[in-house]
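In what follows, a single structure is set out as structure tokens and then discussed.
Numbers restart at 1 for each chain; the letters A, B, ... are given by sequence-line order, proteins then strands.
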Amino acid sequence: MTTTQSTSASWKGGLKRLTRTRARCKPATFMLARERLRSEAESLLREFPERYASSGIHRFVELDRDRRESVTRLEEKRRRRNELTAVRAKPDPETIAEMKRLKEEIRGLEENVEARESELAAAERSIPNAPHATVPRGKDESANRLERTWGQPRAFDFPPQPHWDLGPALGILDFERGVKIAGARFTVLRGAAARLSRALGAFMLDLHTREHGYEEILPPVLTNAESLFGTGQLPKFEDDLFKTREGLYLISTAEIPVTNLHRDEILREDALPIRYAAMTSCFRSEAGAAGRDTRGMIRQHQFDKVELVAFAKPESSYEIHEALTRHAEEVLRRLELPYRVVTLSTGDMGFNPAKTYDLEVWLPGLNEYKEISSCSNFEDFQARRASIRFRRAEGEKPEYLHTLNGSGLAIGRTLVAVLENYQQADGSVEIPAALRPYFGGDRIPRP
RNA sequence: GGAGGAGUGGCCGAGCGGUUUAAGGCGGUGGUCUUGAAAACCACUGUGCCCGAGAGGGUACCGGGGGUUCGAAUCCCUCCUCCUCCGCCA
């Protein structure tokens, strides 16, 4: 009993850090705060035309005004109805007549408000997050800013092979059978590649949990529509997802289940920041990517990834963003893989983030830097959609917190990077020193 | 998968058509008392939205959605979740 008690006490204590509150009303469906959109619509449009010109921001302003007008009228009718009901006895015929009238009026106004609300929500969903002041402005990736470069691309005294030649030659990447058993963009890892993939995952998780302070999470890889809406994959990017007949979706990133861990919750201030690391398989339909990266295993329908997710107080989220990015970089440093860090411009950035750093690893076989991690601060954009808040002190108003995430790292692409960067003249591959204890060997020999 | 049962505020728990603007208790916050603390007593105690410069006022929310009614936590439909038993399964 003593043992049981102490165990359950610490378990409860752990839970108690995060005050759970059931959602008791419709979740906020907006992304940028409505107050902010009302007051800043004009300036957002003026400052970031590349981001807002084609969004529903004009429509929002108009609909928002209409809706509030209708709500005010509706609430006046309801107030009157409550006044009449408060008598708490059988009402007289006149009162019943008035209440019947009110009933019709209320029903009409309710329908009106509901219709406007859903139009408004649709308009809001098309408005992307506002970029942080430090984000470079520009229409596309040509405006991205190089932050730093680490490591020197190795000088080869033989022509380095791309992984799609190297892997099959070593007998560890089987592209043909991947196609046979599943289809294009599926690959079978065998022998040393399968083991290397497992070693990379374990190495990354150990680094982040033991040295960087992340809690390891193993979440479901199927989630419901609410979760996808919370992190912004729905409704805009449904085509990128695989959907089951039961209405569940295969996750495209662990960001989805892990960020939604705290959906509809109010956290305690002293629980923040929260950092989670999760390794999952990720599934992407790559609907819009026909013809891109078709060779090799750069762009797959299924791949494994270690994802870092953080929940932070607004005033410290940019600090956390820098730290999270460094944590992802540390993986590349320990593996001694050359990389660079780039800040995405306002035109190249995704819909949801306020700021994104891309980590690009050097791939000698492809002779280019390739994205291997994307570290973003969403500020309160996701938190509003998913209703994730925190309270600074007992009795104070809950505030939306900031969410962040980044790959730490994409395992498939890291595996490619190891193969291509560590290949030897004789066709074998050396294993990076940091990985040897996990891999259980120092090289992949030529068969 | 089959058969039952249950979901009410931070927690426990009453209420089952109109004195409920959700009883009572626990917890929490503030206060009285006290050298201090405990006890006792008093007050307060959620979230969204609307109006308002503010003070404040209004409205909605009793698992989700829909319906019946002049009026719904309470009646009906439906979905979800949890519990018990049976079956199946890594």
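- OP1 and OP2 of B/U59 both lie 4.0 Å or more from every side-chain N or O belonging to A/Arg68.
- Taking the P atom of each, B/G65 and B/C26 are spaced 33 Å apart, rounded to whole Å.
- Proximity note for A/Arg79 (side chain, C-beta onward) versus B/U59, B/U68, B/G71: the nearest is B/U59.
- For the C1' atoms, the distance linking B/G52 with B/U59 amounts to 15 Å, nearest Å.
- Among the heavy atoms of the strands, none lies under 4.0 Å from A/Arg116.
- At least one donor-acceptor pair under 3.5 Å links the side chain of A/Thr414 to the backbone N or O of A/Ala410.
- Distances shown here put every side-chain N or O of A/Lys100 at or beyond 4.0 Å from the OP1 or OP2 atom of B/U69.
- As judged by a 4.0 angstrom heavy-atom cut-off over every strand, A/Arg67 is placed among residues touching the sugar-phosphate backbone only.
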Practice prompt. In sequence, state the C-alpha distance, the side-chain angles, and the governing distance for A/Arg268 and A/Arg391, and then conclude on side chain to side chain contact (heavy atoms under 4.5 Å, CB included).
Written response: CA-CA 6 Å; A/Arg268 287 177 46 143; A/Arg391 211 191 295 275; over 6 Å; no

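- Across the strands present, B/U68 finds no partner; the criterion is a Watson-Crick or G-U wobble pair with both atom distances under 3.5 angstrom.
- An OP1 or OP2 oxygen of B/G66 is reached within less than 4.0 angstrom by no side-chain nitrogen or oxygen of A/Arg107.
- In this structure, of B/C50, B/A60, B/U47, it is B/A60 that holds the atom nearest to the side chain of A/Arg81.
- Shown here, B/G7 forms a base pair with B/C80; the pair counts as Watson-Crick or G-U wobble because both key distances fall under 3.5 Å.
- B/G27 is paired with B/U45 under the criterion used here, namely a Watson-Crick or G-U wobble arrangement in which both key atom distances are under 3.5 Å.
- For A/His262 and A/Tyr276, the distance between ring centers is under 6.0 angstrom.
- Here A/Arg116 pairs with A/Asp66 in a salt bridge; the nearest charged N to carboxylate O distance falls below 4.0 Å.
- A distance of about 33 Å separates the P atoms of B/A23 and B/C80, rounded to the whole Å.
- B/C11 and B/G63 are spaced 13 Å apart, taking the P atom of each and rounding to whole Å.
- Contact annotation for A/Lys397: backbone-only contact, meaning every heavy-atom pair under 4.0 Å involves sugar-phosphate atoms and none involves a base.
- Across the strands present, B/G56 finds its partner in B/C51; the criterion is a Watson-Crick or G-U wobble pair with both atom distances under 3.5 angstrom.
- Aromatic pair A/His301/A/Phe242: centroids less than 6.0 angstrom apart.
- Look at B/A40: its Watson-Crick or wobble partner, with both distances under 3.5 angstrom, is B/U32.
- Residue A/Arg389 places at least one side-chain N or O closer than 4.0 Å to OP1 or OP2 of B/G48.
- Close to B/G58, at under 4.0 Å from its OP1 or OP2, lies no side-chain N or O of A/Arg78.
- Taking the six-membered ring where the residue is Trp, the centroids of A/His132 and A/Tyr318 are separated by under 6.0 Å.
- When the side-chain nitrogen and oxygen atoms of A/Asn82 are compared with OP1 and OP2 of B/A60, one or more of them lie within a distance under 4.0 Å.
- B/C62 and B/U47 are spaced 14 Å apart, taking the C1' atom of each and rounding to whole Å.
- When the C1' atom is used for both B/G15 and B/U74, the distance is 8 Å, rounded to whole Å.
- If you take atom P in B/A38 and the same atom in B/G28, they sit 11 Å apart, rounded to whole Å.
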